[in-house]
Amino acid sequence: MSARWHNTLKLALQEEGGMKNVFQLATTDFNNAIPHVRCHILRGHIIHPSLPSLPLLLTTTDTRTPKVAQITSNPSHRVEAHFWIKATNEQFRVSGHAAIYPSPELQEKKGIEGVGEVYDAFRSQGWDWEDERRRQFDSVGAHMRASWCRPVPGSPMDSYSDAEKWPVTVAKPGEEGYDAKNYEEARGNFALLLIDPIEVDYIELGVMPNRRTKFVRQESDDERWKEVILVP
């Protein structure tokens, strides 16, 4: 049986218009605990058939961004995703452990191997995260692919006009304008970022009185998520 919070999140996202898959991802610097937050796009929900109540939330990133260093330097690899669904007046704060799958050449330096029963289940079936990384890269638009073919994100520029020199689009093989060098460079900087949820703080502001529920992941097969009712 799938998790109640996850079913509710998916239904809420269906109601949302516009940029409905946009969420905020929070990380911290390990040494000084300074928080950092930025918007991300939810690329999908990865669920092993034998563990339907334990979904992985999938997004993507540039391996050169500070967030990768922040996550890899933290021994727990803990992150938090925040979803605000305006259409339903619902908020979801999903806290969990991150895994990062960059290109195979960068796995040792930039990657974080997923641990736990969900990843073990995928490994037992020969799941290849590199295949998924390549599929996700090709599934985004040519303009989005070009964002991974720029200088290091956050590095200084002399002028805004410097950006005029960068590729505007990066076509994939078989598309008009395909450039192998740009394609390989962009794909080399592209990585999967997965969140394995362990706590979810869910607030319903569309009902009166408002409701708040905390879902805490359990190790028991009989009860995967414990629900605790909280003051909103």
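As a basis for the values below, the full set of heavy atoms in this structure was taken, side chains included, without hydrogen atoms, waters or symmetry mates.
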Treating Ile, Leu, Val, Met, Phe, Trp and Tyr as nodes and any side-chain heavy-atom pair under 4.5 angstrom as an edge, say whether [X] and [Y] lie in one connected cluster.
X      : Y      : result
Ile46  : Ile112 : yes
Phe92  : Leu205 : no
Leu56  : Val216 : no
Leu192 : Val140 : yes

message: Assess the residue pair Ile47 and His6 against the criterion (side chain to side chain contact (heavy atoms under 4.5 Å, CB included)); give the C-alpha distance rounded to whole Å, side-chain angles, the decisive distance to 0.1 Å, and a yes or no.
response: CA-CA 11 Å; Ile47 302 172; His6 189 230; 3.8 Å; yes

task: Going by the side chain to side chain donor-acceptor pair (under 3.5 Å) test, name the single residue among Thr61, Thr59, Asn21 that passes it with His40.
output: Thr59

- request: Quickly, which of His82, Glu199, Glu80 forms a side chain to side chain donor-acceptor pair (under 3.5 Å) with Arg93? Name it, please.
  value: Glu80

field: Inter-residue atom distance Phe190.CZ - Cys149.SG, 0.5 Å rounding
entry: 14.0 Å

- prompt: When rounded to the nearest 0.5 angstrom, what is the spacing between NZ in Lys172 and CZ in Phe137?
  reply: 10.0 Å

task: Find out whether Val22 and Phe83 are in side-chain contact, i.e. whether some heavy atom of one side chain is under 4.5 Å from a heavy atom of the other.
output: no

Shortest non-hydrogen contact from [X] toward [Y]:
X      : Y      : value
Tyr119 : Ala99  : OH-CB, 3.4 Å
Gln107 : Pro102 : OE1-CD, 3.0 Å
Pro167 : Asn182 : CG-ND2, 3.8 Å
Thr63  : Lys110 : O-NZ, 3.2 Å
Ala171 : Glu176 : CB-O, 3.5 Å

Proximity of Trp5 and Tyr202 rings by center, below 6.0 Å: no

What I want to check is whether the side chains of [X] and [Y] have a donor and an acceptor closer together than 3.5 Å.
X      : Y      : value
Arg38  : Thr27  : yes
Glu90  : Thr88  : yes
Asp138 : Tyr183 : yes

- request: Determine, stepwise, if the pair Ser103 / Arg133 fulfils side chain to side chain contact (heavy atoms under 4.5 Å, CB included).
  value: CA-CA 8 Å; Ser103 63; Arg133 189 185 75 90; 3.5 Å; yes

- request: With side chain to side chain contact (heavy atoms under 4.5 Å, CB included) as the test, would you mind laying out the steps for Phe23 and Leu57 before giving the verdict?
  value: CA-CA 11 Å; Phe23 69 96; Leu57 303 185; over 6 Å; no

query: Given Asp120 and His48, is the side chain to side chain contact (heavy atoms under 4.5 Å, CB included) satisfied, shown in steps?
result: CA-CA 10 Å; Asp120 290 344; His48 193 276; over 6 Å; no

query: Looking at Arg217, Arg4, Arg211, Lys214, which hits salt bridge (charged side-chain N to carboxylate O under 4.0 Å, His left out) with Glu227?
result: Arg4

